[in-house]
Amino acid sequence: MAAMDDAKSDLVNVLQRLEAHWMVLEAELVEINKDISHCEQCVGKYGEYFTYPLQHLKELKRQKKGKMKDIIKAMESFNENLVGGKKLVKALERDTPIGQAGM
């Protein structure tokens, strides 16, 4: 039973950490989008000197979004495993209800 509690604790910890990372990435994207907008204005005002920083910001945005997609995939995987586990429990309980095992 201790192993099950450890696994539950690990699962909760991972989900909480993923949520925290999501929130940080989301906040970073808000700032990056603001900076991209300002940099685009600077390219218009001051010329090509700001093209490299603009490209860098767009690449940073792409990387952050990629990390967010990875989080979504992990969450979807957790959800799929949970659904599969629930189906398995239902099937096991239908075949051998807990409390009647060994009778």
Atom pair [atom1]/[atom2] of [X] and [Y] - distance to nearest 0.5 Å:
X   : Y   : atom1 : atom2 : answer
K61 : D35 : NZ    : CG    : 11.5 Å
H56 : T51 : NE2   : OG1   : 14.5 Å
K69 : E76 : NZ    : CD    : 12.0 Å
E28 : H21 : CD    : NE2   : 10.5 Å
L29 : L60 : CG    : CG    : 8.5 Å

Are [Y] and [X] connected in a single hydrophobic cluster, I mean Ile/Leu/Val/Met/Phe/Trp/Tyr linked by side-chain heavy atoms less than 4.5 Å apart?
X   : Y   : result
V14 : M68 : yes
V89 : L92 : no
L18 : I72 : yes
F78 : W22 : yes
Y49 : Y52 : no

### Message
Using a 3.5 Å distance criterion without hydrogens, assess whether the side chain of N79 forms a donor-acceptor pair with backbone atoms of M75.
### Response
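A pair under 3.5 Å: no.
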### N13 (side chain) donor-acceptor with S9 (main chain) under 3.5 angstrom
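Checking the backbone N and O of S9 against the side chain of N13, no donor-acceptor pair under 3.5 Å is found.
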### Task
Tell me yes or no: between the side chains of Q63 and E59, is some donor less than 3.5 Å from an acceptor?
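Yes - a donor-acceptor pair under 3.5 Å links their side chains.
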Measure the shortest side-chain to side-chain distance between [X] and [Y] over non-hydrogen atoms and say whether it is less than 4.5 angstrom.
X   : Y   : answer
L25 : I71 : yes
K58 : E40 : yes
L15 : E19 : no
K65 : R62 : no

#### Entry: Minimal non-hydrogen separation, L54 against C39, with atom names
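Heavy-atom minimum between the residues: N-SG, 3.6 Å.
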#### Entry: Where I32 and L57 come nearest, the two heavy atoms and their spacing
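Residues I32 and L57, closest heavy atoms: CG2-O, 3.7 Å.
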### Query
Do E31 and K34 sit within salt-bridge range, that is, some charged N less than 4.0 Å from a carboxylate O?
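So E31 pairs with K34 through a salt bridge.
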